[in-house]
There are 2 protein chains.
Amino acid sequence: MDEIDRNLTVALQLDGSAGLAELAKVAGLSVSATAERVKRLEERGVIRGWRADLDPAQVGCPLLAHVLAAVAPGREDASFRKAVRRQEAVLECHAVTGSWTYLLKLRLPDLAALDQFLNEELRLLPGVQRVETLLTIATVKESSILPVAPADPEE
Amino acid sequence: MDEIDRNLTVALQLDGSAGLAELAKVAGLSVSATAERVKRLEERGVIRGWRADLDPAQVGCPLLAHVLAAVAPGREDASFRKAVRRQEAVLECHAVTGSWTYLLKLRLPDLAALDQFLNEELRLLPGVQRVETLLTIATVKESSILPVAPADPEE
DNA sequence: ACTGAAACCACGACATA
DNA sequence: TATGTCGTGGTTTCAGT
């Protein structure tokens, strides 16, 4: 993971359809050396895959909501996690510090779907004690581009 | 945006490197008709771009944190938004309902970077009144695959 | 709007340094 | 680990339905 790899990962996040010729220019390498690098990044798992980046509104999921959930510790926790992973509407679920246990990110078609998720799915899960919903009014920024960190000595 | 388009968008989210031949099978169309559809989806902005999906940890951003911020309403709000958009570490920023104004999602190299962001960037912004940080201990689910909604009559 | 074929270009393997 | 060449295969375009 040197300077060149970092440049490649940045470029590939911005435009994964670039093509090796263009990438080679960015990297300052030949096309085949660039191809080799990209293949390595995939093999090492640095690149996990290639995705089309879709407009949520245009695929019928204009609503964004975050949900804070307090879940009782213990055995029930595992079943909560499993249930959450099965839900398509749940894009993210993180165990967090603070007075809440989990923070979920949801994409939904409309408020009816949110209501249904909260009352017919989430609240019914064992161990769920308290739920708070933060509905998104406006999105100021939403990016999937990770800030690739500069060199870390211990590599 | 018919059934075929929806199938294509789902497939392209899962694997954007699939190739038209494979996609054509999914769509049940010829290769060139499939190519046409994908091009249209791009032109209409349904597909916003093509991205390499990276492993955050491997590009030096293992830390995930969410920040709730209460910001005074008024003119200062615009400068808050502008500042937040400039910050690479801020992957998302949403104006939300409830007792907080904004919810931010951050990717960072380490706690030092988080400390620096909170104290030397966020808290210094005009109008910021209160800040609460939710550090992610474990990620249960993190997906960028939108749940493409089935047919909406009014299209 | 979809099909099929032809032209073209980009990718991937190989031999070399 | 990088380079350049060559062969293959996929993408693009075009004429036809």
Side-chain angles (χ1 to χ4, degrees), chain A residues 1-55 57-60 144-146 148-155, chain B residues 1-55 57-60 144-146 148-155:
Chain A
M1 205 56 196
D2 60 4
E3 182 66 27
I4 296 175
D5 282 331
R6 274 191 297 279
N7 289 339
L8 288 175
T9 53
V10 171
L12 289 172
Q13 283 190 99
L14 295 172
D15 183 7
S17 69
L20 290 173
E22 198 146 335
L23 268 180
K25 277 187 256 172
V26 174
L29 289 175
S30 72
V31 173
S32 38
T34 308
E36 186 95 12
R37 293 247 184 185
V38 174
K39 207 179 84 188
R40 277 237 180 79
L41 288 168
E42 289 184 282
E43 284 165 356
R44 280 201 285 153
V46 177
I47 296 174
R48 294 189 293 203
W50 305 90
R51 310 253 122 87
D53 174 26
L54 304 186
D55 178 355
Q58 292 209 52
V59 292
S144 53
I145 283 98
L146 299 173
V148 177
D152 193 351
E154 56 194 303
E155 287 175 39
Chain B
M1 206 56 196
D2 60 3
E3 183 66 27
I4 297 175
D5 282 332
R6 274 192 297 280
N7 288 339
L8 288 174
T9 54
V10 171
L12 289 172
Q13 282 191 98
L14 295 171
D15 182 8
S17 69
L20 290 172
E22 197 146 335
L23 270 179
K25 276 186 257 172
V26 174
L29 290 175
S30 71
V31 173
S32 40
T34 308
E36 186 99 9
R37 292 237 180 196
V38 174
K39 208 179 82 189
R40 276 235 181 79
L41 288 168
E42 290 183 282
E43 284 165 355
R44 279 201 287 154
V46 178
I47 297 174
R48 293 189 293 203
W50 305 91
R51 308 254 123 87
D53 175 25
L54 304 186
D55 179 356
Q58 291 209 53
V59 293
S144 54
I145 283 99
L146 298 173
V148 177
D152 192 350
E154 56 192 303
E155 285 175 38

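Just so we're on the same page: letters track the sequence lines, and every chain starts at 1. Predicted model only: the values in this text are computed from it and were never measured.
The nearest whole Å value for the distance from the CD atom in B:E22 to the P atom in D:dG10 is 10 Å. Atom CG of B:L20 is separated from atom C1' of D:dG9 by 12 Å (rounded to the nearest Å). Look at CG on A:L8: it is 14 Å from C1' on D:dA2, rounded to the nearest Å. Between the C1' atom of C:dG12 and the CG atom of A:L23 lies a distance of 15 Å, rounded to the nearest Å. Going from atom CH2 of A:W50 over to atom P of D:dG10 covers 18 Å, rounded to whole Å. Atom-to-atom, NZ of B:K39 to C1' of D:dT13 comes out at 9 Å; the value is rounded to the nearest Å. In this structure, the CG atom of A:D5 is 10 Å from the P atom of D:dT1, given to the nearest Å. We find that CD of B:E36 is positioned 11 Å from P of D:dT12, with the value rounded to whole Å.
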Might you list the N or O atoms of the protein lying below 3.5 Å from N or O atoms in nucleotides 6-8 of chain C, with each pair's distance?
none

For nucleotides 3-5 of chain C, list the nitrogen or oxygen atoms of the protein found under 3.5 Å from its nitrogen or oxygen atoms, one pair per line.
from	atom 1	to	atom 2	distance (Å)
C:dT3	OP2	B:S30	N	2.6
C:dT3	OP2	B:S30	OG	3.0
C:dG4	N7	B:S32	OG	3.3
C:dG4	O6	B:S32	OG	2.9

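With contacts defined as side-chain heavy-atom distances shorter than 4.5 Å, the pair A:L12/A:L23 qualifies. Side chains of A:V148 and A:Q13 form a contact here, defined as non-hydrogen atoms less than 4.5 Å apart.
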Check step by step if side-chain contact (heavy atoms from CB on, under 4.5 Å) holds for A:D2 and A:R37. CA-CA 11 Å; A:D2 60 4; A:R37 293 247 184 185; 2.8 Å; yes

Chi angles and distances behind the side-chain contact (heavy atoms from CB on, under 4.5 Å) call for A:D53, B:I47
CA-CA 6 Å; A:D53 174 26; B:I47 297 174; over 6 Å; no

Inset, instruction - For the pair B:V59 and A:R6, evaluate side-chain contact (heavy atoms from CB on, under 4.5 Å) and give the outcome as yes or no after the intermediate values. - result: CA-CA 8 Å; B:V59 293; A:R6 274 191 297 279; over 6 Å; no

Decide yes or no on side-chain contact (heavy atoms from CB on, under 4.5 Å) for A:L8 and A:R40, but give the supporting numbers first.
-> CA-CA 12 Å; A:L8 288 175; A:R40 277 237 180 79; over 6 Å; no

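Considering every non-hydrogen atom in both B:R51 and A:S144, the closest pair reads CD-OG, 3.9 Å.
Taking 4.0 angstrom as the limit, B:R37 places a side-chain polar atom (N or O) nearer than this to OP1 or OP2 of C:dC2.
In this structure, the separation between OG on B:S32 and NZ on B:K39 is 11.5 Å, given to the nearest 0.5 Å. How far CG of B:L146 is from OG1 of B:T9: 9.0 Å, rounded to the nearest 0.5 Å.
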